[in-house]
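Since the structure comes first, as structure tokens, the remarks are kept for the end.
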Amino acid sequence: MDFRGKDIISIKDFSKETINYILDYAQDLVPYAKGEKYKDILNGKVLSSLFFEPSTRTRLSFESSMNRLGGKVIGFSNPAATSQMKGESLADTIRMADSYSDVIVIRHSQEGAARLAAEFADVPVINAGDGAGRHPTQCLLDLFTIKSEKKKIGKNKIVLLGDLKYGRTVHSLSYALSVYKAELSFVSPTSLKMPREVIDECRELGVEPTQTSNLEKAIKDADVLYVTRIQKERFPDAEEYNKVVDSYKINIELLQNAKDDLIIMHPLPRVTEIDPEVDKTPHALYFKQAFNGVPVRMALLSLVLGGKL
Ligand code: NCD
């Protein structure tokens, strides 16, 4: 498969075969992600890391991926220190990054920003989250995690919990899980339901997600529970946020009725939605999931830059 020069904007641009190929390649890269093996397949390549929104895992795992494969990183994590503050347009910032580097990773608060960036850049652009839109690289690491733990992606009952309205990770993941025909259950406060558009995408792929606000019932026979943070920064109205804050919490008591092999995932950061006491249970997969960002992003960088293992 030839990925050289390709943009990664939405998981909807990827076929099942392509996703499987990326996940298999990411598996081969695990020892490199852990630092147990080293090969400088991205020697001489430069990544522009443009984070207009806060990030810990996504930015650091992209940087780690690039460094561990011998490449270099330039960029910013605080747009207040850039010429955006002087009124520079996104298009002009992208033109500059395009001329200084071989690949651009962008996170932005505006939906569609990554797609716009791709129009102004010749080098590949990777969407690291665009507002409440999409988050394709998170989606791939989520799929990688489910496959690693459950040996398969389809045939699992997967509960997506929380802020399904503004959460970009669950928008991408719902689509991708439907490609694999997983059984989907969406659990959220009524004001934070999954957008119609995403449900329609699942339906077009032949999956009919169930929707409920009854978490206890939904997790009873679940194989995967994917928890999300309420996306406070996306609420136009603080009052609306106050109405839903603390509306769900995963704790040991709630897990009494869950399957023994239920895995709990979370893109992180978590705030109050998972009690830290859950961390020591065998259900907790979220930290391992975050590590999986490295082999998956290594795979993507090496494929778009044409430096395969
Ligand atoms: C998520 C994001 O930025 O969309 N975090 C991440 O990339 N791991 C989830 C969130 O911010 O809640």
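Note: hydrogens, waters and symmetry copies are ignored here, and every other heavy atom, side chains too, is used. We count ligands from 1, going down the list as the structure has it; atoms in each ligand are counted the same way.
- For the pair Lys288 and Phe291, the cation-pi criterion (under 6.0 Å, within 45° of the ring axis) is not fulfilled.
- Residue nearest to atom 11 (O) of ligand 1, selected from Glu233, Glu53, Arg229: Arg229 (by heavy-atom distance).
- Arg168 NH2, 2.9 Å is the protein heavy atom nearest to atom 3 (O) of ligand 1.
- Pro267 O, 2.9 Å is the protein heavy atom nearest to atom 8 (N) of ligand 1.
- By the 30° and 60° cut-offs, the orientation of the rings of Tyr286 relative to His266 is perpendicular.
- In terms of protein heavy-atom proximity, atom 9 (C) of ligand 1 is nearest to Leu268 O, 3.7 Å.
- The closest side-chain donor-acceptor pair between Ser64 and Ser61, if any, does not fall under 3.5 angstrom.
- The atoms of ligand 1 that sit less than 4.0 Å from any heavy atom of Pro269 are 10 (C), 11 (O).
- Judged by a 6.0 Å distance limit and a 45° cone about the ring axis, Arg297 is positioned over the six-membered ring of Phe62.
- Between Arg134 and Asp130 there is no salt bridge, since no side-chain N of the basic residue sits under 4.0 Å from a carboxylate O of the acidic one.
- Ligand 1 places these atoms under 4.0 Å from at least one heavy atom of Thr169: 1 (C), 4 (O).
- Heavy-atom proximity to Gln138, at under 4.0 Å, picks out these atoms of ligand 1: 6 (C), 7 (O), 8 (N).
- Ion pairing of Asp13 with Arg115 is present here, as a side-chain N (NZ or NE/NH1/NH2) and a carboxylate O approach within less than 4.0 Å.
- The N/O atoms of His135, backbone and side chain alike, include one that comes under 3.5 Å of an N/O atom in ligand 1.
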